[in-house]
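Nothing here was measured: the structure is a model prediction, and the numbers come from that model.
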Amino acid sequence: MRHIDGDPAAEVAALYARTWPRLIGVLVSIGGSRADAEEVAQDAYVKLLGHWDRIRRYDDPEAWVRAVAVRTLVSRLRRQQVAARASAKLLGRTGEVREPDGEALDVSAALARISPAQRAVVVLHHVMDLPIEQVADELGLPPGTVKSRLARARQALAPLLAVQEEVPHHV
């Protein structure tokens, strides 16, 4: 079936060229490696091509691709965490994580210490500057769940990102 506006593959290719770097940045920020981000993004664009007849009519096809990619990455990260915990139990490791030493503020390291689901809402809301309702829509969650994940993420991140100010000592 031909589209009046043009070739579907060319339309998806144009969207891809325009949105790929931004999507990779979001996925890497959520916690995927560059390779994982590229693989998940590629899969999302392939799915987009299969649904282009419907998605091309959306106000924001990029949001659809981002939603598919973020959901896929969060699912992958959860599976990796479960496997790592199971492996650690089998090997008798405690899974302790070293506390930050305060020498450097590393947002990526702080984000890595919260759950993938929390990372997704933090990156989409605070980095991509999407409203809560859009984050909820893209992740297939109720807005209240997004708000509670954001609150828990902020609470977990606060001590990790706290910058200790030196108070001058008066002699």
Side-chain angles (χ1 to χ4, degrees), residues 16-45 47 60 62-169:
Y16 172 91
R18 190 173 69 251
T19 61
W20 174 265
R22 186 170 36 246
L23 180 59
I24 296 302
V26 166
L27 297 173
V28 169
S29 295
I30 290 171
S33 67
R34 175 79 185 199
D36 284 345
E38 289 178 354
E39 183 179 333
V40 166
Q42 180 179 342
D43 289 346
Y45 285 104
K47 286 178 184 175
D60 187 5
E62 179 183 7
W64 187 92
V65 174
R66 185 174 51 243
V68 169
V70 168
R71 288 179 193 163
T72 302
L73 180 63
V74 167
S75 178
R76 178 182 287 198
L77 293 172
R78 281 185 185 145
R79 285 191 309 273
Q80 289 172 352
Q81 282 183 337
V82 168
R85 282 194 296 268
S87 176
K89 279 184 181 181
L90 289 173
L91 297 173
R93 296 186 188 135
T94 62
E96 291 178 24
V97 178
R98 188 174 61 87
E99 289 298 315
D101 59 15
E103 289 183 20
L105 179 65
D106 187 347
V107 175
S108 295
L111 285 171
R113 296 192 53 186
I114 62 175
S115 75
Q118 289 174 341
R119 268 183 264 155
V121 296
V122 167
V123 170
L124 291 174
H125 182 65
H126 291 294
V127 177
M128 294 296 296
D129 201 29
L130 299 179
I132 299 248
E133 295 75 20
Q134 187 172 353
V135 173
D137 186 52
E138 288 190 17
L139 296 178
L141 300 170
T145 301
V146 171
K147 290 176 186 177
S148 67
R149 284 185 186 175
L150 279 170
R152 286 192 308 268
R154 287 182 194 123
Q155 186 175 24
L157 289 170
L160 301 174
L161 297 175
V163 178
Q164 300 294 326
E165 291 186 32
E166 290 189 26
V167 179
H169 296 285

request  = Considering non-hydrogen atoms only, spot the tightest contact between A120 and V74 and give its length.
outcome  = CB-CG2, 3.7 Å

task = Take the angle between the ring planes of Y45 and Y16 and call it parallel below 30°, perpendicular above 60°, tilted in between.
result = perpendicular

message = What's the separation between atom CG in L27 and atom CG in L77, rounded to the nearest 0.5 Å?
response = 9.5 Å

ask   = What pair of heavy atoms forms the shortest contact from A44 to W64, and how long is it?
value = O-CZ3, 3.9 Å

Flag side-chain contact, heavy atom, 4.5 Å: R22 against M128 = yes

query = Is a donor on one side and an acceptor on the other found under 3.5 Å between the side chain of S75 and the backbone of T72?
reply = no

remark   = Between V40 and A69 the two heavy atoms that sit nearest each other are CG1-O, 3.1 Å

ask   = Does the side chain of V65 come within less than 4.5 Å of L23's, by heavy atoms?
value = yes

query = Roughly how far, to the nearest 0.5 Å, is CD of Q134 from CD1 of I132?
reply = 11.5 Å

query = Taking all non-hydrogen atoms of both residues, which atom of I24 and which atom of A41 are closest, and how far apart?
reply = CD1-CB, 3.7 Å

query = With a 4.5 Å heavy-atom cut-off, do L150 and H126 have their side chains touching?
reply = yes

ask   = Any idea which heavy atoms bring V68 and K47 closest together, and the distance?
value = CG1-CD, 3.9 Å

ask   = Under 4.5 Å between any side-chain heavy atoms of R152 and I114, yes or no?
value = no

task = With rounding to the nearest 0.5 Å, note down the distance linking NZ in K147 to CD in E133.
result = 6.5 Å

query = Going by heavy atoms in the side chains, are L124 and V26 under 4.5 Å from each other?
reply = yes

message = Would you say that L130 contacts R66 through its side chain, given a criterion of any heavy-atom pair below 4.5 Å between the two side chains?
response = yes

ask   = Heavy-atom distance under 4.5 Å between the side chains of V146 and H125, does that happen here?
value = no

Shortest non-hydrogen contact between P116 and I30, atoms and distance = O-CG2, 4.2 Å

E138 side chain near V70 side chain, heavy-atom distance below 4.5 Å = no

